[in-house]
Every structure is written in structure tokens, then in C-alpha cells.
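For reference, the structure is listed below as C-alpha cells.
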Amino acid sequence: MKSSVIIFPGSNCDRDMDVALKKFGFKNQMVWHNDPRIPKSDLIVLPGGFSYGDYLRCGSIAAKSKIIKSVIEFANSGGLVLGICNGFQILTETGLLPGILQQNKYQKFICKNVYVKINDKENKYFKNIKKEILELHIAHNEGNYFCSEDELKSLNDNNQIAVTYCNENGNDAEEFNPNGALKNIAGIFSKNKNILGMMPHPERMIDKCLSSNDGNFFFENLIENLK
Amino acid sequence: MKVKVIVTLKEGVLDPQGKAIQQTLNGMGFAEVNQVRQGKYFDIEVNIEDEKKAKSKVDEMCKKLLANLVIEDYKIL
């Protein structure tokens, strides 16, 4: 399985993602934002970080960069696109995913481990995953997901809410919402579920001696589903 | 010519920075402040002399980049 991680000026989770993808068997390539095209891939990843210094709005400049046209074409042809953290922000700014990530409700940069619950398994990302409540890491200032009422209804109707913040038992009450996100939303799918954007970082959770290793469930499962 | 644009959050969209500014102003003794909404201001110089044409170009820029219409409104001055 081939994957490509796109690097923008200011991306800083690109190498962690590279390590994670390779650990689970992906042949990963790094692609610079000014490269004319993306090599043949089964998965494209937009990594976390602060692309273009978060100027204007997080992800807004990356969403108009040269390489993004190829990402949009790939996504529209059904290719798998995963956006983590800033990658999620970029996906909303391109319009590939609905809504926007606003500043956290309490105006603080949040850096901590959280639990998220997988809400839908009828997709390439989570089908057959062995664990449904994952301990992952978040590190963001703008993770407060917001969309219009119509968009929220459509997200619900099409089972596009991918993961929600919860406690270790899967209770996704408001008190377990770290950033004020609408309905505790931590990640969403596109309509046909080939695009996933989420704030938590599975790539930071792949080694027991550094962190939890719940990210392993995610990557192991993803590559199995792609085979 | 120069075109000026103001981008603000839509009514009803949470503006934590505006809220913090309002509370600070209240704390400083400006008890008359009921609400503050924060926004962005752009000064755009375009090489179009016709005002109508320039503004229509800037309108396109607002829609495509300067404002995110999910949460923001814009005003061309």
C-alpha cells in the first residue's frame, strides 16, 4: 500500500505520520506543497502543524496551495484522504468537508490525551477495528468544530460523524468535550466516507514507551482494510 | 485603487476573543460595554481604476479566500 504525506511550510507532524505509516507497512512518500503532482497513492495524508503560520484562518492558505488541486481531484475520484489536526482544518477550508474548526471555547491551546468514540464502522478507516474507544492525543488552539444546523442534520443523517470526544467508558457528555466542539465532534467523514478529518493524533500513539498505543489499532486496521 | 474589507463573525457565532475583550473593558470600568465582536480589516490595492469593477473583483476574493462564509460575513467599504 502506498501513501503520501503532504508537507506544507509549517507542517510539524509530517515525520511522525511518516514513522507511523511505515511501522504498519505503508510505503510512504513525502510530497512538498510545491511539487507539481502527487505520486500514485492509496492514501493521502494532510498532517498536523501550522501550515503557512495559521495566517488568515487555520488551513485557509494551504487550501489554495498548488498541490491541493491534486488532492481535491484524488478525493473526488474516491481516493482516501486523511487529515489530522491542521489537516482537518485544511479539508474544511477546501470545502471537501463541511463546517469549520474555530478557536477553542476557553481560548487555550489544549495539549492532552483524550478519549474518542468511533461512531461509524461502515467505512475503510474503522471497519473491523478491534477497539471502539481510543485514547489519542490532541494539541490544538482551533479544534472547536462548528457547522450550520442544516449541515449538522446532513452529517447525522448520513452517519458522517466519525469520532466524538468521550470518557474512557465511551460517555460523550458535554463535560468530556475539551474544546467546545458541536456535539463533541472530534472528526467527520465526507459523504461517501473516503475523506476523514479529525483533530486527535493517532500517529502520536503508536509506541507504549512514549504514550498509549491506541493509534496502533487505527493504522493496523486501516492498512488491512486497504489490502 | 484601494478597496477596504471588513470581515466579522456572523451573529450568533461564538466569539471568545470578543467576549474576553468585553469582560476586560467591563473590568476596567467601562460598564457601558454590552458586547464586543472582533473582526479583521483588509486594505487591498488593485490595479483597476473603475470602482465598480474593483469592488466586484474584491467581492470574489472575499468569497474565495478572505472570509469563510460558514461563520463569517464581510463588508466591502
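Worth knowing before you read on, the calculation uses all heavy atoms, side chains too, and leaves out hydrogens, waters and symmetry mates.
- Annotation for A/Gln107 and B/Pro16: closest pair NE2-O, 3.0 Å, computed over non-hydrogen atoms.
- Heavy-atom contacts from other residues, nucleotides or ligands closer than 6.0 Å to NZ of A/Lys124 number 12 or fewer.
- The heavy-atom pair separating B/Val70 from A/Phe146 by the smallest distance is O-CE2, 4.2 Å.
- For A/Asn104, the part lying under 4.5 angstrom from a heavy atom of chain B is the backbone only.
- For NZ of A/Lys121, the number of neighbouring non-hydrogen atoms (other residues, nucleotides, ligands) closer than 6.0 Å is greater than 12.
- The number of heavy-atom neighbours closer than 6.0 Å to CD of B/Glu32, taken from other residues, nucleotides and ligands shown, is above 12.
- Residues of residues 44-58 of chain B lying under 4.5 angstrom from chain A, judged on non-hydrogen atoms, do not exist here.
- Considering all non-hydrogen atoms of both residues, A/Gln102 and B/Leu14 come closest at NE2-O, 3.5 Å.
- Heavy atoms of other residues, nucleotides or ligands lying less than 6.0 angstrom from NZ of B/Lys10 number more than 12.
- Contacts between B/Gln17 and chain A at a heavy-atom distance below 4.5 Å involve backbone atoms as well as side-chain atoms.
- Atom OH of A/Tyr55 has 12 or fewer heavy atoms from other residues, nucleotides or ligands within 6.0 Å.
- The environment of B/Phe30 atom CZ is sparse: at most 12 non-hydrogen atoms of other residues, nucleotides or ligands sit within 6.0 angstrom.
- Expressed to the nearest 0.5 Å, how far NZ of B/Lys64 lies from NZ of A/Lys64 amounts to 8.0 Å.
- Of the listed residues (B/Asp15, B/Asn68, B/Ile71), the one with the most heavy-atom contacts under 4.5 Å to chain A is B/Asn68.
- In plain terms, the two heavy atoms of B/Leu66 and A/Arg57 that are nearest each other are O-NH1, 2.9 Å.
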